[in-house]
Protein chains: 2
Amino acid sequence: MPPAMRRATQRDVAERAGVSTATVSYVLSGRSGPGKPPTAATHERVLRAADEVGYELNHIARSLRRQRSDVIALMYPAPASPWSDRLIEQLQAAADPRHLTVIALPVTPTSAEHSVLRPLRERMVDGAVLLPDCPVDVEELAGIAQRGQSLLVFHDEAVPDGFDVVHQDRLTACRAGIERLLVAGHRRIAHLAHERELENPERSVKFRSYRDALADHGIGLDPDLIVPVADSRQEAHTAVTSLLRSANPPTAVFSATDRAAIDAVWAARELGIDVPEQLAIVGVGNIPEGEIMSPRLTTVGLPELDFTVEVERFFTRLEAAEPLPGTVIRSPWHLLARDSG
Amino acid sequence: MPPAMRRATQRDVAERAGVSTATVSYVLSGRSGPGKPPTAATHERVLRAADEVGYELNHIARSLRRQRSDVIALMYPAPASPWSDRLIEQLQAAADPRHLTVIALPVTPTSAEHSVLRPLRERMVDGAVLLPDCPVDVEELAGIAQRGQSLLVFHDEAVPDGFDVVHQDRLTACRAGIERLLVAGHRRIAHLAHERELENPERSVKFRSYRDALADHGIGLDPDLIVPVADSRQEAHTAVTSLLRSANPPTAVFSATDRAAIDAVWAARELGIDVPEQLAIVGVGNIPEGEIMSPRLTTVGLPELDFTVEVERFFTRLEAAEPLPGTVIRSPWHLLARDSG
DNA sequence: CTGAAAGCGCTTACAG
DNA sequence: CTGAAAGCGCTTACAG
């Protein structure tokens, strides 16, 4: 940072108003001490002085003294999604009247695992909501909760321990999606995967569902059918096009994202391949576009993009006078059988 | 926040290691004072003590003392977009090796105008990149820059003043998009608008382009053709469908977002209406999907989703030893005439 | 009703 | 090479 112009502090305001910094603090924060509030005249004088010297609160100093930052975070794996957008919106709606600031912490694939929880660990925020697939060490969460920060974690395997967990049963739902393809007789099912998750397949709900469901039906993995393109619309389009043009094309696609699934529909259409007759497609995530395209996208996900219950619980914990026990919120994913597969 | 367990501080570490807090600070921060660095033995002892007491740095305390937070923000109008995702990615890539934290500050329509710049005003962050259409008071930016925070502002009318501005000439480009429709002979052109911007039309680049281009061609505004659905895929789809079914349907659509433009393509297709023959469609934003759908979307926007120059300039300013003069980065939008209109 | 003073948890010249 | 001490800008019991 280039050198800063000296900023006005409460001391400057106090001097100008001819009062103590205590009085300035009480007036500007709107809080009342144990005694009677400042007189109207004092109040007025402080406000004017603050205005005259161009005083602005220093949030960092307040945070250190109050031992809370009044900032909460939403952590999500980048890129953003209708999910993260909706949750941000609902968090902000709840945070605004409480004078809390909501920040988003997008986790990019390059982020080192240890650094992801740093903002929590170093107390930059009072609490956080963690969306699924954030590459964090679940073991560390209990420690963070114990030190007084509020946590709501979307994670199917995590056990609540001073924090709340949202169970979505994603594995079950994803398996139902692939089973649907298998039951319809498909044997060559391509998988559009998250690039990052393919590096660490055991952690990937989507890849595991795919692998296990196929295995149950006696089908092995064909590397040619697994492409790491779920996060890029362009790459998904290209990859599906070339799969469909190959000598031995798939008859179905299971995509780790709805976006890539939609690209698959487009790619098929351009080649004159009918969906679902010649190519069945199942996505994951249930984003709103899926419902308005035609054929409507068959997918797996939350039936409603609504986090009222989760947000309420998070704020309850944040505002609790004493530590609350961890709870589980069940919000299971469903197979939404529509028209594409 | 529920009451916190007492956290270990550097004082605890110092006591345990039998050294002063100064030594602890030097060891843990990796910084060196004016003298010689601590001996290997001291170093070792401090590290072990820190580990034993479970010490974690308090970022807020460090920030207050150092007078910088080492946090930078990307502010963007919610919902997120390929733009904001890409910029976050590039900012993080640059921030990581510098040990800076990047946060996203999505601005929702409900945010009061005065509160949007609060994180800057109150010094929660050392600097920020502001994407277009953030509802901020441009007048206030110079003051923030003067107090030492780094600012890079995407804004076509802003004049640099201790901060950098990116000029994209969005108005010119948007007008070119509508002109294209007018020149092709269209007279009934629907506009899919941002809901929020319709409340304050003078601020809306897209609405102004639409209104002014039409006026130039002697066409008045028809309220039936202006619908505030650009931010919702579902609403866009519904609105376009009902427009196309109306007694006097539009022959073209100018959409404030590519997303809604794509929905318009889908809606038309479902009704058996040809794009662009029977309905010409022009979007705004140039998101990647536009290129892979068919017909390929005609749109207006940045030719490349790349912010290398902007990010470099931002970090140059952030790291400058003294205040840098404001500059203008030109990165003009273009009309990308493809197939949909 | 108002002020003097301590302290939040760090960092950093300075003295030794 | 290490330690004692001041201070970043606030807030808040406490004394008057």
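First the proteins, then the strands, lettered A, B, ... as listed; each starts at 1.
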Please state whether the phosphate of [N], meaning OP1 or OP2, lies under 4.0 angstrom from any side-chain nitrogen or oxygen of [X].
X	N	result
B/Q67	D/dG9	yes
B/S25	D/dG3	no
A/Y26	D/dA13	no
A/S29	D/dT12	no
A/R31	D/dT12	yes
B/T9	C/dG9	no
A/T42	C/dT2	yes
A/T23	C/dG3	yes

- prompt: Between B/H99 and A/R118, is any side-chain donor less than 3.5 angstrom from a side-chain acceptor?
  reply: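 The criterion, which ignores hydrogens and geometry beyond distance, is not satisfied for A/R118 and B/H99.
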query: Where the side chain of A/R65 is defined as all heavy atoms beyond and including C-beta, which of D/dT12, C/dT11, D/dG3 is the nearest nucleotide?
result: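 Comparing D/dT12, C/dT11, D/dG3 against the side chain of A/R65, the answer is D/dT12.
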query: Of the nucleotides D/dC10, C/dC10, D/dA5, which one has an atom closest to the side chain of B/R62?
result: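 Per side-chain heavy atoms of B/R62, the pick is C/dC10.
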In whole Å, I'd like the distance from the [atom1] atom of [X] to the [atom2] atom of [N].
X	N	atom1	atom2	answer
A/R147	C/dG9	CZ	P	14 Å
A/L64	D/dG7	CG	P	17 Å
B/R68	C/dT12	CZ	P	11 Å
A/H59	D/dC8	NE2	C1'	16 Å
A/D12	D/dC10	CG	C1'	13 Å
B/N58	C/dG7	CG	C1'	14 Å
A/E44	C/dT2	CD	C1'	18 Å
B/I60	D/dC10	CD1	P	14 Å

message: On a heavy-atom basis, which atom in B/V125 and which in B/I103 lie closest, and how many Å separate them?
response: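 So the minimum-distance heavy-atom pair works out to CG1-CD1, 4.0 Å.
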Kindly indicate whether the side chain of [X], heavy atoms from C-beta on, has any atom under 4.5 Å from the side chain of [Y].
X	Y	result
B/E310	B/I329	yes
B/N58	B/T9	no
A/V309	A/E312	no

message: Under 4.0 Å, counting only non-hydrogen atoms across every strand here, what does B/E122 touch: a base, just sugar-phosphate, or nothing?
response: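 Since no nucleic acid heavy atom lies under 4.0 Å of B/E122, the category is nothing.
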query: Can you tell me the Watson-Crick or wobble partner of C/dA4, both distances under 3.5 angstrom?
result: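 Per the H-bond distance test, none.
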query: What does D/dA13 pair with, Watson-Crick or G-U, if both distances are under 3.5 Å?
result: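 Pairing partner, where one exists within any strand: none, as none qualifies.
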Parallel, tilted or perpendicular, as decided by the 30° and 60° cut-offs, for the rings of B/F154 and B/F307: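 B/F307 and B/F154: perpendicular rings.
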message: Let me spell it out: for each of B/T21 and A/A61, pick the nucleotide of DNA chain D with the closest heavy atom. Which residue's pick is nearer the 5' end?
response: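 Of the two residues, B/T21 wins.
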